[in-house]
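Have a look at the structure below, then the notes.
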Amino acid sequence: MIAYQYNHAGYWIGTTEADPSPLEPGKYLVPARCTLTEPPHEFPDGKWPRWNGASWDLVNVPAVVKPSIMERLKAALKALAG
């Protein structure tokens, strides 16, 4: 059975397989941070499915601010210097 994965913030990240339970016929072992509830197939630009613990919401895509390569290099060199 397909399980739908979400990250620590609840944003959908993909699918995986839920294995059948060896102790309970007809039941599945759902991996951590997964649900058997399918996310929406289509959603508008700027929106992304987010699991709220009971269903999928379409929320604004969060702005991700990544440090530049120079900032990361400076931080790494500083860490190496002690």
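- Sorted by first and then second residue, the pairs that involve residues 54-63 and meet side chain to side chain donor-acceptor pair (under 3.5 Å), not counting sequence neighbours, are Lys47-Asn60, Asn52-Ser55, Asn52-Asp57.
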Taking distance alone, no hydrogens or angles, what donor-acceptor pairs closer than 3.5 Å link side-chain atoms of residues 72-82 to residues at least two apart or in another chain?
none

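- Counting heavy atoms from C-beta on, the side chains of Pro20 and Leu29 never come closer than 4.5 Å.
- Under the rule for a side-chain contact (heavy atoms from CB on, under 4.5 Å), the partners of Thr15 that lie at least two apart in sequence or sit in another chain are Ile2, Tyr4.
- Checked against side-chain contact (heavy atoms from CB on, under 4.5 Å), Glu24 has the following partners two or more places apart in sequence or in another chain: Ser21, Lys27.
- Tyr11 places none of its side-chain heavy atoms less than 4.5 Å from the side chain of Val61.
- Remark: Arg33 is not positioned above the aromatic ring of Tyr6, lacking an NZ or CZ atom under 6.0 angstrom from the ring centre and at most 45 degrees off the axis.
- Between Pro44 and Leu58 there is a side-chain heavy-atom pair separated by less than 4.5 Å.
- Cys34 approaches Gln5 most closely through the heavy-atom pair SG-CG, 3.4 Å.
- Counting only residues at least two apart or in different chains, ring-ring contact (aromatic ring centres under 6.0 Å, His included) contacts with residues 26-49 comprise Trp12-Trp48, Phe43-Trp48.
- Residues Val30 and Leu36 meet the side-chain proximity criterion, which asks for heavy atoms closer than 4.5 Å.
- Proximity of a side-chain donor or acceptor of Glu17 to a complementary backbone N or O of Ala3 within less than 3.5 Å is not detected.
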